[in-house]
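All values derive from a computational prediction rather than experimental measurement. In what follows, every chain begins at residue 1, and chains take the letters A, B, ... in the order their sequences are listed. Computed over heavy atoms, backbone and side chain alike; hydrogens, waters and symmetry mates excluded.
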Amino acid sequence: MKNIWIMTWFTLREALARKVFIFFLTISAVVLVIMAVVLGLSDKASFTMNVSGGNMQFTNPINMIEMMIVSPLSGLCLLLAIFASASFVPIMLEKGNIDLLLSKPVSRDQLLWGKYFGGILVVLINIAFLVIGVWMIISIKFSYWDFSFLTIILVITFTFAVLYSIIVLLGVTSKGSTLGMMVAYFIYIILSPLLYLGKDKLLVFIQSDFIKSLIKGAYYVVPKTQELMGQITKDLASGKGIEDYQPILTSLAFLILTMGISISIFRKKDF
Amino acid sequence: MNSIAIETSGLTKVYSSSFGKRKVEALTSLSLNVSTGMIFGLLGPNGAGKTTLIKLLLGITFPTSGRANILGEDITGYKMKYKIGYLPENHKYPSYLSGGEVMQFFGKLSGMDGTELNKKIDELLELVQLAKWKKTKVKNYSKGMMQRLGLAQALLNNPELIFLDEPTDGVDPIGRKEIRDILVELKNNGKTIFLNSHLLSEVELITDRVGILNKGILLREGDVKEMTQNKEEYKISIEGNSIDKLDDEILRKASFAKMNQDYYSFKVENTQELNKILDLLRTNGIVIKEMLQQKNSLEEIFISLIKEADKEKAQ
Ligand SMILES: Nc1ncnc2c1ncn2[C@@H]1O[C@H](COP(=O)(O)OP(=O)(O)OP(=O)(O)O)[C@@H](O)[C@H]1O
Ligand SMILES: [Mg+2]
């Protein structure tokens, strides 16, 4: 356990040396400052009126304001995080690096888990900074403290954890960062949104039953980053809770399987 | 109490690259024992399989067949690595860390912490003369400095068995001498050192036993002193070249021959013959300035062994 933590900690150090994460923290900080200034200047009463006047059928308007800021920024955070974390494992596997690590009293499993948790910890810190920042400003402004909003930190980080498991697997097998990065982007930006739409809406246009079941099958296999970052995050932010656990559970199964394969390949690999 | 530090039997490694089409037999059925408390040198030309052997022993790569123990434990485990230090060839460190932080990282991975670790780091950086570079990022280190850091890192956990792959690679002559001194000191403290090198003259200076590896096959293994045993061959330096006028049965028998300006070489069968020659020279008024007994250098042995092996293979 201690070894995993050491690897995690030094992966965090590596991430900080990679300027991307600092860049994101800076963007977050700038957005938070602008937000605080704008809200500070605006009239509280007019906001409160709107809030109370909002129809309860929609989500809580305060959460809507919060989500308007958090959604695009957390999306950006994941894009940057995929880019920045793709080389964590390949760098560890470089000749001269891995030799040294494996000569220490550390198991191969511990090394890989350390790199995995390190990547996740970086994203957790970035997202937590953004979400807690937004939440604090809004909560202070409206004296409305809804802690359920903070649970989205976990869902967004989990979304990254699923994508990062693919990056780790392809990092271990290809010893490079490009493939993992491309596949993660492909799933996050194209495949998951497409399958999400496809499984009900696009299916109408398709005749063949075989292709229909193929799309449905693919939907369940591919990690559901679209829903995790979309519907589920929105529901959690508004305090509705999670209606359908299926996207989380199937994505978790994908994560466990992917990491399981990564570890079993890494255990046997020659360096 | 001479126990075994490294024990391999039938250790074989076949690398199959490019989808298994091309196979490289890097190590062929190697059986080798290394006792504790000595410096063992593994010699061999490039690609002989020296690094492969160390990697197998440390679980960095896996044997195709055969087995091995280090410090009495099978190499498949990792717990014995608490007692092992390793300096790989072409080692790399996280470039965003300073020398001191690299030591912290590997120290922690070796199960050390706190003041014990900090003290050890300062002590070792002092030993390899990097103390004043402790806070400098390793990406700004020179090659020799990296090598020194690598050595310091390998000694962090006070290991019983130390593997060094070309430890003096890229280090200047003074640095090399310093590293050799450190290794001898470690040996005197009861450590076992396993050294890979092709710097034969250097190896000869410090190792107790050597193994000569060629194309994955161990050609010879033995005591350095026995291997480089003296030949009954001498080199003598005299004043003037009055010796050329001497024509004596004794000298002809010893195949007395001029090497260069002042030096002559000759062979004798025993000490009596040697003294006869010296008497002959002295009675003829020749002034002897210097006399040396010729030795087989490790280099000569190495080159002739490798040549022989390659010739046999060609046939
Ligand atoms: N990962 C690998 N995949 C395929 N072949 C390899 C691998 N590592 C080493 N080899 C091959 O195994 C053989 C032995 O290599 P090794 O690195 O053990 O030699 P060495 O004795 O350490 O050489 P040097 O003195 O140059 O360091 C070489 O032919 C090399 O090409
Ligand atoms: Mg080598």
Side-chain angles (χ1 to χ4, degrees), chain A residues 1-22 84-85 87-115 117-119 122 172-175 263-271, chain B residues 13-17 26 51-52 54-64 70 76-98 101-102 104-113 137 139 146 149-150 153-154 156-157 159 161-165:
Chain A
M1 218 32 225
K2 194 166 157 262
N3 286 334
I4 296 181
W5 168 242
I6 296 166
M7 287 304 293
T8 304
W9 173 250
F10 276 89
T11 307
L12 193 66
R13 291 283 317 263
E14 189 177 344
L16 289 181
R18 215 64 62 74
K19 299 292 181 289
V20 179
F21 289 106
I22 305 284
S85 61
S87 57
F88 285 164
V89 169
I91 285 183
M92 175 175 84
L93 301 187
E94 274 174 12
K95 198 168 149 57
N97 254 336
I98 188 70
D99 310 56
L100 214 44
L101 287 171
L102 289 177
S103 76
K104 304 296 167 194
V106 189
S107 75
R108 291 186 173 212
D109 295 13
Q110 289 167 342
L111 289 179
L112 204 62
W113 282 120
K115 281 281 146 184
F117 292 137
V122 186
V172 168
T173 45
S174 76
K175 292 190 185 175
I263 295 237
S264 66
I265 291 175
F266 186 50
R267 275 184 192 163
K268 296 194 204 85
K269 211 166 176 76
D270 276 338
F271 292 100
Chain B
K13 176 67 191 179
V14 181
Y15 286 111
S16 41
S17 47
T51 302
T52 301
I54 295 188
K55 284 185 176 180
L56 286 171
L57 293 175
L58 291 173
I60 296 163
T61 183
F62 299 104
T64 311
I70 47 179
T76 45
Y78 73 91
K79 294 285 183 195
M80 77 287 200
K81 290 178 190 167
Y82 281 107
K83 298 180 273 183
I84 285 171
Y86 175 38
L87 169 65
E89 62 179 355
N90 311 317
H91 41 111
K92 271 190 195 145
Y93 307 106
S95 57
Y96 52 92
L97 296 179
S98 68
E101 287 167 332
V102 166
Q104 283 281 343
F105 177 47
F106 291 118
K108 284 184 174 152
L109 281 182
S110 306
M112 303 166 79
D113 217 338
K137 294 258 184 288
K139 65 176 171 219
M146 289 288 275
L149 182 65
Q153 160 280 131
L156 263 171
N157 51 339
L161 173 59
I162 304 154
F163 291 94
L164 305 169
D165 205 341

Between [Y] and [X], is there a side-chain heavy-atom distance shorter than 4.5 Å?
| X | Y | result |
| --- | --- | --- |
| B:F106 | A:I6 | no |
| B:K92 | A:E94 | yes |
| A:R13 | B:L97 | yes |
| A:M7 | B:L109 | yes |

Shortest non-hydrogen contact between [X] and [Y], atoms and distance:
| X | Y | result |
| --- | --- | --- |
| B:Y78 | A:Q110 | OH-NE2, 3.8 Å |
| B:Y93 | A:L100 | CE2-CD2, 3.3 Å |
| B:E89 | A:K95 | OE2-NZ, 4.2 Å |
| A:E14 | B:Y96 | CB-OH, 3.2 Å |
| B:S110 | A:K104 | OG-CD, 3.6 Å |

Interatomic distance, A:N97 atom CG to B:S95 atom OG [nearest 0.5 angstrom] =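 OG of B:S95 is found 9.0 Å from CG of A:N97.
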Looking at CG of B:L57 and OG of A:S103, how far apart are the two atoms once the value is rounded to the nearest 0.5 Å?
-> 12.5 Å
Working for side chain to side chain contact (heavy atoms under 4.5 Å, CB included), residues B:K55 and A:D99 = CA-CA 8 Å; B:K55 284 185 176 180; A:D99 310 56; 3.2 Å; yes
Closest-packed option against chain A by number of heavy-atom pairs under 4.5 Å, given B:F62, B:Y86, B:Y82 | B:F62
Do you know which of B:L58, B:T61, B:I60, B:L87 has the most heavy-atom pairs with chain A at a distance under 4.5 angstrom?
-> B:I60
Carboxylate-amine/guanidinium proximity below 4.0 Å for A:D270 and B:K13 |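 Between B:K13 and A:D270 there is a salt bridge, with a charged N closer than 4.0 Å to a carboxylate O.
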Let me know if B:K108 has heavy atoms under 4.5 Å from chain A in its side chain, its backbone, both or neither.
-> both
Go through the atoms of B:D165 and report whether side chain, backbone, both or neither lie under 4.5 Å from a heavy atom of chain A.
->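 Neither part.
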With a 4.5 angstrom heavy-atom cut-off, which part of A:R18 approaches chain B: side chain, backbone, both or neither?
-> neither
Honestly, the part of A:K269 sitting under 4.5 Å from a heavy atom of chain B is backbone
